[in-house]
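Below is one structure, written out as structure tokens; comments come after it.
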Amino acid sequence: MSNAALEQLAKDIAASLLEIEAVALRPNEPFTWTSGIQSPIYCDNRLTMAYPAIREKVAEGFATLIKQLYPEAEVIAGTSTAGIPHAAWVAQKLNLPMAYIRDKAKGHGKQNQIEGRVAPGQKVVVIEDLISTGGSSLKAALAVREAGAEPLAVLAIFTYQFQSAIDAFAEAGIPLYTLSNYTSLIEQAAAAGKIAQTDIAELQAWRANPQAYRK
Ligand SMILES: O=P(O)(O)OC[C@H]1O[C@H](OP(=O)(O)OP(=O)(O)O)[C@H](O)[C@@H]1O
Ligand SMILES: O=C(O)c1cc(=O)[nH]c(=O)[nH]1
């Protein structure tokens, strides 16, 4: 995919997320993220499951990137839970095995963290729905590495583009690619009049120092 095509896809997906009201702004009652960060914004990509045309656009975006960048991929693995359905649709498109990765090993049964079949040495693309700190998907990719397989990259629908997340992936030596991002989302929301100037100011204040954001 060319850079122009990637940029267009980032805009399209951001517009779709806004259209289906996957993006919620709640400055007066911040959301608590999985990392514990308090945030005036929450992007619920799980809602894309309800829209066949949108989930198809996501699956097609992932499949195109994988064919172009990682034609050697042998397994598509979703992160538990929100990455799982997207991994399934992509694996189906590419006619590849699919697996999923729990946030930790089960305490009963086979006590697996990785479910499905990932053999040592196999090349795995990890599919995630969203990157905030990147902690969840990095943990998943590192579990693949721990199992003796090779995490080629993490691909996600959306990223908040925090420098700390970019640095964490670089440090782990795991490439990260995303179909859309915070910049596109805010641009699309502003262009469509879906976000007020006061909200933009609130988001800027939060984004400058999310750890310190409290209401
Ligand atoms: O980049 P991070 O800081 O790790 O945050 C992003 C993660 O948080 C959400 O998952 P959540 O923990 O809400 O679980 P779910 O996928 O089961 O909904 C989301 O689906 C990502 O996996
Ligand atoms: O970091 C998170 O937990 C998170 C943020 C967000 O916008 N959406 C989501 O599903 N999780």
Side-chain angles (χ1 to χ4, degrees), residues 10 13-14 16-27 29-51 54-55 58 62 76-90 98-106 113-115 125-144 151 153-172 174-186 188-189 194-195 199 202-204 206-207 209-215:
I13 290 181
S16 295
L17 294 174
L18 290 163
E19 182 193 316
I20 65 173
E21 298 182 338
V23 184
L25 291 181
R26 222 171 59 184
E29 195 195 335
F31 295 96
T32 301
W33 283 358
T34 192
S35 53
I37 289 175
Q38 299 286 303
S39 165
I41 182 170
Y42 192 80
C43 185
D44 187 357
N45 291 342
R46 301 160 195 84
L47 290 169
T48 60
M49 289 189 289
Y51 299 87
I54 297 174
R55 70 186 197 218
V58 167
F62 281 145
I76 307 297
T79 56
S80 166
T81 61
I84 295 174
H86 299 289
W89 289 312
V90 175
M98 185 248 169
Y100 67 87
I101 309 157
R102 299 179 182 279
D103 63 343
K104 56 179 181 305
K106 271 179 75 149
Q113 181 169 10
I114 300 175
E115 299 288 4
V125 170
V126 175
I127 300 286
E128 169 67 295
D129 75 314
L130 180 135
I131 308 289
S132 301
T133 66
S136 310
S137 46
L138 254 185
K139 200 161 98 176
L142 294 175
V144 168
V154 170
L155 271 53
I157 300 174
F158 179 87
T159 176
Y160 282 97
Q161 298 169 296
F162 287 121
Q163 190 58 45
S164 54
I166 295 166
D167 293 346
F169 276 91
E171 203 171 303
I174 294 175
L176 169 67
Y177 293 90
T178 54
L179 301 182
S180 192
N181 55 60
Y182 183 76
T183 307
S184 295
L185 184 74
I186 298 302
Q188 293 301 305
K194 292 191 172 180
I195 187 169
D199 288 333
E202 185 81 31
L203 285 166
Q204 276 171 343
W206 161 75
R207 199 126 190 295
N209 194 354
Q211 311 286 354
Y213 183 84
R214 290 285 184 281
K215 272 278 165 154

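Quantities reported herein were computed from a predicted structural model and do not represent experimental measurements. In each ligand, atom 1 is the first atom listed, and ligand 1 is the first ligand listed.
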Inset, instruction - Looking only at distances, please establish whether an N/O atom of ligand 2 is found under 3.5 Å from an N/O atom of D129. - result: no
Legend entry - Residue and atom name of the nearest protein heavy atom (relative to atom 7 (O) of ligand 2), distance in Å to one decimal: Y160 OH, 2.6 Å
Inset, instruction - Examine S137 against ligand 1 and note whether any of their N/O atoms are separated by less than 3.5 Å. - result: no
Inset, instruction - Write down the atom of H86, the atom of V58, and the distance for their closest heavy-atom approach. - result: ND1-CG1, 3.9 Å
Legend entry - Protein residue, atom and distance nearest to atom 5 (O) of ligand 1, heavy-atom basis: T34 CG2, 3.4 Å
Inset, instruction - Cation-pi check, R207 to Y213: give yes when NZ or CZ is under 6.0 Å from the six-membered ring centre and within 45° of the ring axis, no otherwise. - result: no
Legend entry - Residue, atom name and distance, where the atom is the protein heavy atom closest to atom 5 (C) of ligand 2: W33 NE1, 3.3 Å
Inset, instruction - Over 60° means perpendicular and under 30° means parallel, so classify the ring planes of Y160 and F158, tilted if in between. - result: perpendicular
Legend entry - Atoms in ligand 1 flagged as close to D129, the criterion being non-hydrogen separation under 4.0 Å: 19 (C), 20 (O), 21 (C), 22 (O)
Legend entry - Min N/O separation R46 to ligand 1 under 3.5 Å: yes
Inset, instruction - Please determine, by modelled atom types, if S164 and D167 share a side-chain donor-acceptor pair under 3.5 angstrom. - result: no
Legend entry - Min heavy-atom dist L130 to ligand 2 below 4.0 Å: yes
Legend entry - Rounded distance (nearest 0.5 Å) linking atom CG of L130 with atom CZ of R46: 7.5 Å
Inset, instruction - Just jot down the ligand 1 atoms closer than 4.0 angstrom to any heavy atom of G134, in number order. - result: 1 (O), 2 (P), 3 (O)
Inset, instruction - Report the part of T81 in contact with ligand 1, treating N, CA, C, O as backbone and CB onward as side chain, heavy atoms under 4.0 Å; options are side chain, backbone, both, neither. - result: both
Inset, instruction - List the closest protein heavy-atom neighbour of atom 6 (C) of ligand 1: residue, atom name, distance to the nearest 0.1 Å. - result: L130 O, 3.4 Å
Legend entry - Gap between atom CG of L203 and atom CD1 of I41 - 0.5 Å precision: 5.5 Å
Legend entry - Nearest-0.5 Å distance that lies between atom CD1 in I84 and atom OG1 in T79: 7.5 Å
Legend entry - Nearest-neighbour protein heavy atom for atom 22 (O) of ligand 1, which is reported as residue plus atom name and distance: E128 OE2, 2.8 Å
Inset, instruction - Tell me which protein heavy atom sits closest to atom 8 (N) of ligand 2, plus the residue, atom name and distance to 0.1 Å. - result: C43 O, 2.8 Å
Legend entry - Distance filter under 4.0 Å to A82 heavy atoms, resulting ligand 1 atoms: 16 (O), 20 (O)
Legend entry - Side-chain donor or acceptor of D129 paired with backbone N/O of A82 under 3.5 Å: no
Legend entry - Cation-aromatic face contact R26/F31, 6.0 Å, 45 degrees: yes
Inset, instruction - Say whether R46, considering both its backbone and side-chain N or O atoms, lies within less than 3.5 Å of an N or O atom on ligand 2. - result: yes
Legend entry - Atoms of ligand 1, numbered as shown, that sit under 4.0 Å from any heavy atom of G135: 1 (O), 2 (P), 4 (O)
Legend entry - Nearest-option assignment for atom 3 (O) of ligand 2, heavy atoms, candidates T34, I41, N45: T34
Inset, instruction - State the CG-OG1 distance between L185 and T159, to the nearest 0.5 angstrom. - result: 11.5 Å
Legend entry - atom 4 (O) of ligand 1: nearest protein contact (heavy atom, Å): S136 OG, 2.4 Å
Legend entry - Which atom of E115 lies closest to which atom of R102, heavy atoms considered: OE2-NE, 3.0 Å
Inset, instruction - Specify the protein heavy atom at minimum distance from atom 1 (O) of ligand 2: its residue, its atom name, and the distance to 0.1 Å. - result: S132 OG, 2.7 Å
Legend entry - Residue, atom name and distance, where the atom is the protein heavy atom closest to atom 3 (O) of ligand 1: T133 OG1, 2.6 Å
Inset, instruction - Locate the shortest heavy-atom distance separating C43 from L17; write the atom from each residue and the value. - result: SG-CD1, 4.0 Å
